[in-house]
Amino acid sequence: MIRLLLALVLAATAATATGASAQPLLDWTEEEVRSIGRHGPWPPPPVRDPSNRVSGTPSGILLGEHLFNEPRLSGNGKMSCATCHQAGRDWSDGLARAQGVVELDRRTPSLWNVGYSHWFGWDGAGDSLWAQSIRPLLDAREMNGGTERVGTLLRNDRALACGYEKAFGRKPGNDDELLLVDTAKALAAFQATFVSPRTPFDDFRDALLAGDRGAAARYPMSAQRGLRLFIGNASCNACHFGPRFTNGEFGDIGIPFFVRPGEVDSGRLGGLTRLAESPFSLLGKFNDDATGENARRTRHVRRLHTNFGEFRVPGLRQVGRGGPYMHNGSVATLEDVVKHYSEVNPDRLHSDGVPLVRPLALSPDQSADLVAFLRSLDADVPPRPAAPPLCP
Ligand code: HEC
Ligand code: HEC
């Protein structure tokens with residue numbers, strides 16, 4: 001018996017010494033493997049947005065990168081998109097609530113993989129990436145830029161005017177509103193290139209699907225157990241579904257929606273009102289898709305009272321590198337997020353029908369496993385080289 005134990009210890013030491021992992025693999029059922037497969041492939045195939053004429057074009061993307069870092073688009077000349085969406089901070093800012101001209105009510109979301117969404121903002125007030133990019137330019141509490149400022153800058157700055165002509169095939173004209181929309185379309189083309197790197201989870205998924213047990217067993221046991229919970233008993237994938245770990249829709253998980261005493265953030269409900277009122281939605285004249293096919297979602301969406309207090313399901317790639325969490329930054333760490341799902345008060349949820357969220361009452365080990373899984377969705381990001389000049 002003692003000899004057997006010794007042999008086991010030696011085998012384990014040898015495995016560590018050679019770098020080969022002796023970690024076992026959970027017994028994954030076929031159904032589980034299928035479910036895991038739906039969280040890929042990664043990276044996903046590139047998308048083109050038919051509502052945006054410069055989507056996917058190198059000249060549009062380059063112009064967008066310069067505009068993204070351009071503080072002259074703001075009222076005080078000091079704030080750019082990159083002030084809040086920082087490349088070195090996974091396109092967010094690390095704050096609980098964004099700091100614009102004043103402190104805002106919501107957290108700056110990461111922009112990783114944003115080109116694959118169909119609703120934008122925590123409340124879904126935007127139905128295209130470019131429409132969503134107009135909002136901070138005009139919002140008095142954010143960049144407070146104004147339509148005229150954007151037009152004047154594009155016309156008068158030699159490099160931007162030249163970059164604009166390359167991207168749109170015409171010189172910046174006198175229609176300030178059109179220049180505002182085109183600015184947003186270039187910004188969107190740039191942001192759609194933000195695709196997060198492959199992660200340990202992606203290597204595991206591919207190995208599992210390929211039947212490569214050796215490679216799959218390199219994925220830590222705790223992450224495997226956490227993944228099993230995620231797609232199993234905890235049903236996290238009911239909402240955090242697909243390659244980006246979001247179904248792109250909205251949900252209520254019981255995060256308080258009071259902004260300050262007596263004032264609420266109505267979430268999706270208010271977002272749908274704003275969407276209906278926006279001249280920049282896909283139903284408006286700036287949609288570059290003449291068929292109007294891509295406006296189907298916008299045309300059919302209905303405003304329901306259950307939309308009150310719903311917020312967009314965030315994607316979970318790179319989630320461990322971010323935080324604080326939730327639309328209002330009210331949850332500090334991933335451990336606290338898991339605690340929230342473990343202890344959530346069902347009375348706080350106002351969903352119709354079968355509730356998707358219920359208190360999970362996880363053990364400390366289960367909670368740690370779930371966190372280990374979430375952290376396996378993170379990958380290091382190489383520093384970004386500076387943008388090449390617009391018109392050398
Ligand atoms: C003051 C900080 C701040 C600045 C500056 C800022 N943003 Fe944001 N951004 C936010 C916040 C906060 C939200 C969430 C908005 C909401 O849901 O109400 C957001 C949301 C977004 C989204 C939606 C992301 C998603 O997943 O739905 C996009 C896209 C975006 N911003 C792009 C931009 C662009 C482009 C600029 C520059 C023109 C910009 N932002 C400037 C703070 C900022
Ligand atoms: C009913 C749909 C739903 C289910 C089920 C669900 N989530 Fe969420 N999740 C959301 C929504 C919606 C938010 C954002 C809520 C907000 O900001 O108010 C969120 C936020 C999060 C966040 C914070 C991300 C960020 O960037 O702020 C994490 C992490 C997370 N969920 C993990 C999980 C895990 C783990 C499970 C399973 C235990 C789970 N979720 C189950 C809908 C869901």
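One is the number of the first residue; the rest follow in order along the sequence.
- Ring to ring, F257 and F308 are close: their centroids are under 6.0 angstrom apart.
- A salt bridge is absent between D365 and R225; no separation between the charged side-chain nitrogens and carboxylate oxygens falls under 4.0 Å.
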- Could you go step by step and tell me if N307 and L272 meet the side chain to side chain contact (heavy atoms under 4.5 Å, CB included) rule? CA-CA 9 Å; N307 296 135; L272 283 170; 3.5 Å; yes

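- For F201 and F245, the ring centers sit closer than 6.0 Å to each other.
- Side-chain contact, S110 with Q318: no donor N or O sits under 3.5 Å from an acceptor N or O.
- Geometrically, R317 engages W42 in a cation-pi contact defined by less than 6.0 Å to the ring centre and at most 45° from the axis.
- Annotation: cation-pi pair R244/W112 absent, no NZ/CZ under 6.0 Å from the ring centroid and within 45° of its normal.
- Using a 4.0 Å cut-off between a side-chain N of Lys or Arg and a carboxylate O of Asp or Glu, R299 and D127 do not qualify as a salt bridge.
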- Test side chain to side chain contact (heavy atoms under 4.5 Å, CB included) applied to R358 and S235, step by step: CA-CA 10 Å; R358 64 200 146 80; S235 327; 3.9 Å; yes

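- The closest side-chain heavy-atom distance from L362 to Y341 is not below 4.5 Å.
- Between D175 and R170, no side-chain nitrogen of the basic residue sits less than 4.0 Å from a carboxylate oxygen of the acidic one, so the salt-bridge criterion is not met.
- The residues R375 and E335 are annotated as salt-bridged, a charged nitrogen and a carboxylate oxygen being separated by less than 4.0 angstrom.
- A salt bridge links R274 with D123: the distance from a Lys NZ or Arg NE/NH1/NH2 to an Asp or Glu carboxylate oxygen falls below 4.0 Å.
- Looking only at side-chain heavy atoms (C-beta outward), W130 and L187 stay at 4.5 Å or farther from each other.
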